[in-house]
Protein chains: 2
Amino acid sequence: MVRRTREEAEQTRSLLLDTAETLFWEKGVSRTSLADIAQAAGLTRGAIYWHFQNKVDLFTAMCQRIEPSFFALFDALEAEAAVNPARALWRHVNRVLATITGDARITRVIGIINLRCELVGEMDAIQVENERGQERCHGHLTRAFEAAQRLGQLSAGTTPCHAAAGLQALVKGIVHIWLLTPRNLPLPDCGTACLSPYFQGVFVGDCWLDADDGAPHDAL
Amino acid sequence: MVRRTREEAEQTRSLLLDTAETLFWEKGVSRTSLADIAQAAGLTRGAIYWHFQNKVDLFTAMCQRIEPSFFALFDALEAEAAVNPARALWRHVNRVLATITGDARITRVIGIINLRCELVGEMDAIQVENERGQERCHGHLTRAFEAAQRLGQLSAGTTPCHAAAGLQALVKGIVHIWLLTPRNLPLPDCGTACLSPYFQGVFVGDCWLDADDGAPHDAL
DNA sequence: TTTTACATACATTCTCGTATGTATGTAAGA
DNA sequence: TCTTACATACATACGAGAATGTATGTAAAA
């Protein structure tokens, strides 16, 4: 077997991950065998076992490839929330939608996690990781809503914790529906239209509006 | 093999479905074999194959068992929307959450569909059916929002179609998060708290409030 | 020369669909 | 009413294919 350079080996690894993404989306994780992935990549299972311990390891690596993008989104939220929390939250969720819909890899991996795998048994560790991520997200959002509350931006009766949970649920739901049936919920424009009522309910007046948005009434 | 009465056979069939629900939730659909289900039910695979053509058929029958409950929910929405659409919508979504969280079978089946299976390949027919259901749901909600609009209940800039999509997404997200981590989003109370801001944003004033709810500010 | 990045071979297990066996329910006939 | 023939509701056995993990081979990089 022709030995490869380290660069080439790294390219093989990426090719395997890219191929896995494609097949996992098409056929589901369970029904995609390592032989399927190897063949589609023009390699053999030996290559997969060289780079990854097993299917779960391959799947985990695939998921980890998109993590940095989400860290960056929350970093940005935190920075902007120090100035105008409500507007920061509006920008954040719009960026989240734009990121998910605008990056093919992120779209694929999020789609696979949500619709193409069963995170139980050996995959449970990934499920636990997802829950952690969800809780971190909720924490970030809650802190931004708390900051908004201190500035008097929250509408009467709105609690940061619940507002955060609701927003998280709304975004999750929008993404989920979009993944299932993209034509029924064209993003990102339709996402903005779905998010507006929530922001109208949670904040006072239009403190959450971005100067670039103009009036949402006109955009709808 | 002892032949059974029709009643007993029907009981066997139900037992198989119940057992499948339990195991599908625990282990995922793919990783639950028909032999697993048969053994857990104290039967053999022969019994499964007598009642169902294959695993997909069993899975389909399991899903169909919860359909009537959802038809009833939308029938009620339609009837109540004729009187007060906004309030009808509020009642509807609260009933949806109560139904999903209050019926063990519905919880299980919804959980399995959302988190424990990969609806591709042979399961695609079920996926198509889900999409249809989602579209019917969207239609129901849109019509209720249109009725609300005709009565001047919608806030300025809100379109029925988008309001319906957003509400659908919000409920879906709430249920999804609850299924994943019930302790993080205790339903139904927390669901109501997450839904209130959306209703506040979508409707004018408190036309959506149910007389039994009192002021949501107090409940939160 | 040693190590690496694969390819290939081997062995095992699992799951499925189908065929066959079997005891009993049920309906029809005597 | 009893008997019989058929159908039923399972249990068991068979065979085939698929997928996995591990061991081994190999040519080239380091």
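Lettering of chains follows the sequences in order, A, B, ..., and the numbering in each one begins at 1.
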What is the distance from [atom1] of [X] to [atom2] of [N], rounded to the nearest Å?
| X | N | atom1 | atom2 | answer |
| --- | --- | --- | --- | --- |
| A:Phe52 | D:dT22 | CZ | P | 17 Å |
| B:Gln11 | D:dA9 | CD | P | 13 Å |
| B:Leu58 | C:dC16 | CG | P | 11 Å |
| A:Asp36 | D:dA19 | CG | C1' | 10 Å |
| B:Leu34 | D:dA11 | CG | P | 14 Å |
| A:Arg45 | C:dA11 | CZ | P | 15 Å |
| A:Lys27 | D:dA18 | NZ | C1' | 11 Å |
| A:Arg31 | C:dT15 | CZ | C1' | 13 Å |

Qualifying residue, where the test is salt bridge (Lys or Arg N to Asp or Glu O under 4.0 Å) with A:Asp18 and the options are A:Arg65, A:Arg13, A:Arg108: A:Arg65
Atom CD of A:Gln39: over 12 foreign heavy atoms under 6.0 Å: no
D:dA28 phosphate, OP1 or OP2, under 4.0 Å from A:Arg6 side-chain N/O: no
Presence of A:His51 side-chain N/O under 4.0 Å of C:dC6 phosphate oxygens OP1/OP2: yes
Nucleotide nearest B:Thr12 when distance is taken to its side chain, options C:dC16, D:dC10, C:dC6: D:dC10
Among C:dC16, D:dA9, D:dA19, the one nearest A:Ser33 by side-chain distance: D:dA19
First encountered from the 5' end of DNA chain C, between A:Trp50 and B:Asn54: A:Trp50
Comparing A:Thr5 and B:Arg13 on DNA chain D - which has the more 5′ nearest nucleotide: B:Arg13
Reported CG-to-CD1 distance for the pair A:Leu179 and A:Ile110, which is rounded to 0.5 angstrom: 7.5 Å
Beyond-backbone contact of B:Thr32 with B:Phe59, side-chain heavy atoms, under 4.5 angstrom: no
Sugar-phosphate, base or nothing in reach of A:Thr44, heavy atoms under 4.0 Å: base
Considering all heavy atoms, the nearest A:Ile174-A:Gly191 contact: CD1-O, 4.1 Å
